[in-house]
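Notes for the one structure printed next.
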4 protein chains.
Amino acid sequence: MTGERRLGRPRSEATRTAILTAALEELDEGGYAALTIDGIARRAGCGKQTIYRWWPSKADVVLEALLERAETTIEIPDEGSLPADLAAFLQATFRQWGQRPTLVGLMAQALLDPVFATAFKEKFLFRRRAALRVVMTRAAERGEIAPGTDVELLLDVVYGVLWYRLLLDHAPLDERAGEQLAALVVRATR
Amino acid sequence: MTGERRLGRPRSEATRTAILTAALEELDEGGYAALTIDGIARRAGCGKQTIYRWWPSKADVVLEALLERAETTIEIPDEGSLPADLAAFLQATFRQWGQRPTLVGLMAQALLDPVFATAFKEKFLFRRRAALRVVMTRAAERGEIAPGTDVELLLDVVYGVLWYRLLLDHAPLDERAGEQLAALVVRATR
Amino acid sequence: MTGERRLGRPRSEATRTAILTAALEELDEGGYAALTIDGIARRAGCGKQTIYRWWPSKADVVLEALLERAETTIEIPDEGSLPADLAAFLQATFRQWGQRPTLVGLMAQALLDPVFATAFKEKFLFRRRAALRVVMTRAAERGEIAPGTDVELLLDVVYGVLWYRLLLDHAPLDERAGEQLAALVVRATR
Amino acid sequence: MTGERRLGRPRSEATRTAILTAALEELDEGGYAALTIDGIARRAGCGKQTIYRWWPSKADVVLEALLERAETTIEIPDEGSLPADLAAFLQATFRQWGQRPTLVGLMAQALLDPVFATAFKEKFLFRRRAALRVVMTRAAERGEIAPGTDVELLLDVVYGVLWYRLLLDHAPLDERAGEQLAALVVRATR
DNA sequence: ATCTAACCGAGACGGTACGTCGTGTCTTAGC
DNA sequence: GCTAAGACACGACGTACCGTCTCGGTTAGAT
């Protein structure tokens with residue numbers, strides 16, 4: 001009843017960490033396209049089997065590595081007004097993502113591999129989306145959003161612009177862009 | 001004066017067509033991730049070298065095949081008002097793209113291969129963007145868009161939402177979605 | 001003390017045998033010039049990498065296959081007189097080699113590839129040469145060879161004629177030829 | 001009736017020479033194994049077709065180039081005695097061939113390609129053999145060769161040793177070697 | 001104190017696709 | 001009809017990774 005106590009030698013935490021670290025290093029050096037399981041195993045000093053035992057694909061390794069790397073917690077601003085909250089949220093997000101080409105690699109993998117796509121959405125995309133939805137919901141409760149407004153569409157607008165710029169790299173993803181987008185969204189809620 | 005008279009045996013138009021056709025067939029059968037140069041060559045009944053001679057990567061083959069397939073011409077509606085034009089443009093686009101997972105594969109390739117990314121943007125993405133810009137510009141000339149509005153950001157909003165839904169597949173890309181997005185953009189221009 | 005305990009999955013003896021067998025079959029069917037690594041791998045049901053892992057070139061595969069096939073042991077006759085020993089040795093050799101065009105293919109490869117040439121000489125040519133040298137040395141100890149005779153040159157004469165006929169195929173390599181060559185060598189030692 | 005007057009543009013002697021020269025240069029630079037039709041055509045500044053039109057294989061190109069290069073005429077010594085003639089012939093031959101690895105490449109090709117083998121024998125090997133046969137015949141007429149001696153076997157001995165050393169490169173092919181071989185042959189004729 | 005089970009590294013295995021090379025044939029325009 | 005140029009179908013090359021497998025060896029709880 002103490003839960004499932006597993007038999008045999010337990011998983012090596014040291015190896016797990018080594019693999020995630022190796023994945024991030026390989027990622028930083030050659031980009032996502034150059035990432036291979038062979039390479040990660042070589043760098044981590046482990047057998048390939050050990051990777052396959054715990055992750056279904058290399059994208060899952062990278063996803064876990066990224067989620068572990070730090071910015072797991074998504075801060076939800078609560079400054080009392082939609083414009084202020086939006087600006088804060090967007091600026092924080094743009095600042096974080098603006099210099100992270102790895103996200104692009106993960107998205108590419110998600111587009112090619114439906115199984116990973118599901119994990120990527122659940123563990124990453126939809127959580128960020130949910131955080132922004134909280135901001136919107138609070139604003140709606142404060143009466144800042146016109147009734148009948150499709151909040152989900154607004155979320156799509158925000159993350160759509162964010163990803164579109166991230167993927168095409170044709171326009172900056174800086175704090176000023178965050179402000180402008182926030183202003184546009186506010187205008188659209190009236 | 002007949003221009004550049006080329007030496008040697010001229011390029012075989014029949015083979016070129018066979019390759020593009022084979023690429024589209026392979027694409028339809030197995031999806032972009034399963035596409036291989038070997039497979040295209042096998043199906044087209046040509047040598048691999050012939051493919052490598054004319055296209056730098058398989059994504060370029062696919063891109064040319066798609067551009068050739070039909071919807072090369074982008075219709076720019078001109079019905080006299082921004083709401084009407086936008087709704088028409090978006091509905092047409094959503095109708096076209098909604099059933100085209102190949103675009104997703106091309107985007108994935110663009111994310112992994114910077115050289116192809118450039119071609120993809122030039123020959124596909126930016127042309128569509130330019131078409132929408134025409135719609136916006138006409139509206140601005142009619143005074144339908146508030147001065148100081150960042151038109152480029154509006155374009156990002158439209159195509160951002162479009163691509164975001166295409167990539168995540170979490171919300172429909174139908175004509176109703178087009179209407180809603182058009183309404184939102186119109187609201188944002190006031 | 002048990003010697004070198006190897007890490008990792010051990011080499012598959014079954015695969016090794018399958019490769020050597022496949023090589024001999026391909027050889028028998030199409031001759032040496034038509035031999036390919038692809039073909040051997042296909043017939044052996046193994047990956048090409050497995051062949052490249054263990055042999056530096058296809059000639060080395062063939063060499064090992066031949067050495068394994070049977071006539072590894074070189075019989076050195078010892079009948080008490082040079083004429084008798086020579087006749088026995090040559091007849092045995094001519095009988096063996098006369099129907100083995102594969103040897104010609106190996107020689108061709110040795111002429112084109114210096115690395116293989118070294119292996120071919122060490123593992124094949126020089127061992128046969130050494131066997132004949134034993135016959136000559138015994139005769140010299142019995143006083144059958146005139147002092148001052150260059151034994152190495154005699155060895156060259158024997159194997160020279162043998163290979164020359166093997167390569168040019170202008171004269172038979174049968175037992176009668178063995179007798180005649182033996183008689184000539186005996187005459188040259190007086 | 002004036003014989004076969006060929007129609008059209010006549011064969012370009014300049015191109016023929018350029019091809020033979022290019023073949024020899026490629027041969028000197030990279031050895032026989034690295035020789036390719038493509039390479040010869042590139043260096044000669046001609047189309048591949050032109051080569052294929054006039055020679056059945058690259059080995060035939062090389063053979064013609066070599067035959068053209070100079071030492072076409074085989075000098076047959078006639079000094080009045082077998083020992084003297086043999087020594088002269090062998091020394092000349094060893095001097096010529098000792099530094100000619102191209103011969104080895106041609107032999108390799110002959111071993112792999114039966115069609116070329118025929119040409120190589122007819123135009124090269126057997127002519128040299130015939131020259132040596134003249135020497136032997138003259139000696140026989142002078143009574144220097146014991147009746148019943150198999151002259152063809154003697155020829156095999158001479159050219160066998162020559163080629164065997166050329167192919168294996170285990171012993172020198174110098175003038176001293178020529179003397180020793182001549183002495184051995186003379187001994188064998190008694 | 002064993003026994004058993006799951007872990008670990010190492011690395012060989014059968015595959016598949018890669019991108020390149022050389023072959024011999026063909027199809028142009030030009031001489 | 002020959003030439004240079006060069007595209008073509010073909011097929012082998014040697015390499016890189018894939019995901020699986022099979023070793024010897026390790027590390028725990030259960031017996």
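When every heavy atom of C:A59 is checked against every heavy atom of C:Q109, the shortest pair comes out as CB-CG, 3.0 Å. Here the shortest heavy-atom pairing between D:A110 and D:A117 reads O-CB, 3.3 Å.
Regarding contacts with the backbone of F:dA4, a side-chain N or O of D:T15 is found under 4.0 angstrom from either OP1 or OP2.
The nearest heavy atom of DNA chain E to B:T36 and to C:P10 marks one nucleotide each, and the one closer to the 5' end goes with C:P10.
With rounding to whole Å, C:I19 atom CD1 is found 11 Å from E:dA12 atom C1'. Straight-line distance from the CD atom of D:Q109 to the C1' atom of E:dG22: 14 Å, rounded to whole Å. In this structure, B:L7 atom CG and E:dC31 atom P are separated by 10 Å, rounded to whole Å. The distance between atom CZ of B:R9 and atom P of E:dG30, rounded to the nearest whole Å, is 18 Å.
Using a 4.0 Å cut-off on heavy atoms, the residues of residues 37-64 of chain A that approach DNA chain E are A:G45, A:C46, A:G47, A:T50, A:R53, A:W54, listed by number.
Heavy-atom contacts from other residues, nucleotides or ligands closer than 6.0 Å to NZ of D:K121 number more than 12.
For the atom pair NZ of B:K123 and OG1 of B:T118, the computed distance is 11.0 Å after rounding to the nearest 0.5 Å. Separation of atoms CZ (D:F116) and CE (D:M107) is listed at 9.5 Å; rounding is to 0.5 Å.
Ion pairing between a basic and an acidic side chain is recognised when a charged N comes within 4.0 Å of a carboxylate O; C:E26 and C:K58 show no such pairing.
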